[in-house]
Amino acid sequence: MKKLFVYGTLMRGFENYNKYLKDKVKEIKKGYTYGNLYHLIRESCPALIEGKEKIWGEIITFYDDGNVLSSIDELELYFGDKHEMMYLREKREVFYENGEKEYIDVYVYKKDIKREPHIYIETGDWRTFLLKRCKEM
């Protein structure tokens, strides 16, 4: 069993969840970590960087046959040019809704956020950000 904290396209209901995790998930719980969250306009995905805000997402426990995590690594590490790292998977302190904490793998954005067109997500919740944005259009 593996655990992963996800805050974007790997959350339940999004395309990458269906592509990489759907049939391999044992459990999903709501949780949060700390950082700052941005919406990358060109890639239409979120980016978590160091910071002090609550970032909401899902703690996914899944069965990994050795290919799941390596496939997700490829998705998160590379966009377009396969030589330029975009995200790095690292253990971070993640909190369950009940306050319990655990060190779980999280993908953290490693490029300079100032160089990318982005929108700061004040709520720390990418799903809520997208829903609000769709209603405004």
- Query: Could you walk me through whether Tyr38 and Glu116 pass the side chain to side chain contact (heavy atoms under 4.5 Å, CB included) check?
  - Reply: CA-CA 10 Å; Tyr38 295 87; Glu116 299 293 323; over 6 Å; no
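- Side-chain contact check for Phe5 versus Ile59: some heavy-atom pair is nearer than 4.5 Å.
- The heavy-atom pair separating Cys45 from Thr9 by the smallest distance is CB-CG2, 4.3 Å.
- Heavy atoms only, all atoms of each residue included: Pro46 and Gly8 are closest at CG-CA, 3.5 Å.
- Under the 4.5 Å side-chain criterion, counting only non-hydrogen atoms from C-beta, Val6 is not in contact with Tyr20.
- Atom NZ of Lys54 sits about 15.0 Å away from atom NZ of Lys52, to the nearest 0.5 Å.
- Side-chain atoms of Tyr107 and Asp73 include a donor-acceptor pair closer than 3.5 Å.
- For the pair Leu21 and Asn16, the minimum side-chain heavy-atom distance is 4.5 Å or more.
- Open room surrounds NZ on Lys2; 12 or fewer heavy atoms of other groups in view lie less than 6.0 Å from it.
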- Going through the checks in order, is the side chain to side chain contact (heavy atoms under 4.5 Å, CB included) test met by Thr61 and Lys3? CA-CA 4 Å; Thr61 304; Lys3 287 189 181 184; 3.5 Å; yes
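- Hydrophobic clustering keeps Tyr32 apart from Val108 (ILVMFWY residues linked when any side-chain heavy atoms are closer than 4.5 Å, directly or through intermediates).
- Between the side chain of Thr33 and the backbone N or O of Glu93, at least one donor-acceptor pair lies under 3.5 Å.
- Within the 4.5 Å cutoff, the side chain of Leu37 has no heavy atoms near those of the Trp56 side chain.
- Residues His39 and Trp126 form a side-chain contact, since some pair of their non-hydrogen atoms from C-beta on lies under 4.5 Å apart.
- No continuous path of hydrophobic side-chain contacts links Tyr34 to Tyr7 [ILVMFWY only; heavy atoms under 4.5 Å].
- The NZ atom of Lys91 sits 11.5 Å away from atom OH of Tyr103, with the distance rounded to the nearest 0.5 Å.
- Proximity of Glu53 to Tyr120: side-chain heavy atoms (C-beta onward) are separated by under 4.5 Å at one or more points.
- Other residues, nucleotides and ligands contribute more than 12 heavy atoms inside 6.0 Å of the NZ atom of Lys110.
- Expressed to the nearest 0.5 Å, how far CG of Asp65 lies from CG of Asn67 amounts to 4.5 Å.
- The shortest non-hydrogen separation linking Ala47 to Ile113 is CB-CD1, 4.2 Å.
- With a 4.5 Å cut-off between side-chain heavy atoms of Ile, Leu, Val, Met, Phe, Trp and Tyr, the cluster of Tyr63 takes in Met1.
- With respect to Glu50 and Arg92, a salt bridge is recorded, a charged nitrogen being found less than 4.0 Å from a carboxylate O.
- Salt-bridge check for Arg127 with Glu58: passed, with a basic side-chain N closer than 4.0 Å to an acidic carboxylate O.
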- Test log, rule side chain to side chain contact (heavy atoms under 4.5 Å, CB included), inputs Lys111 and Leu40: CA-CA 11 Å; Lys111 292 173 95 179; Leu40 301 177; over 6 Å; no
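- Between Phe95 and Glu100, every side-chain heavy-atom pair lies at or beyond the 4.5 Å cut-off.
- Side-chain atoms of Lys19 and Leu75, non-hydrogen and from C-beta on, never get closer than 4.5 Å to each other.
- Nearest heavy atom pair, residue Pro117 against residue Arg42, reads CD-NH2, 3.0 Å.
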- side chain to side chain contact (heavy atoms under 4.5 Å, CB included) between Ile60 and Leu10, worked out: CA-CA 9 Å; Ile60 298 181; Leu10 287 165; 5.5 Å; no
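- Under the 4.5 Å side-chain heavy-atom criterion for ILVMFWY residues, a single connected hydrophobic cluster contains both Leu69 and Ile28.
- Judged purely by atom type and a 3.5 angstrom limit, Asp64 uses its side chain to pair as donor or acceptor with the backbone of Val68.
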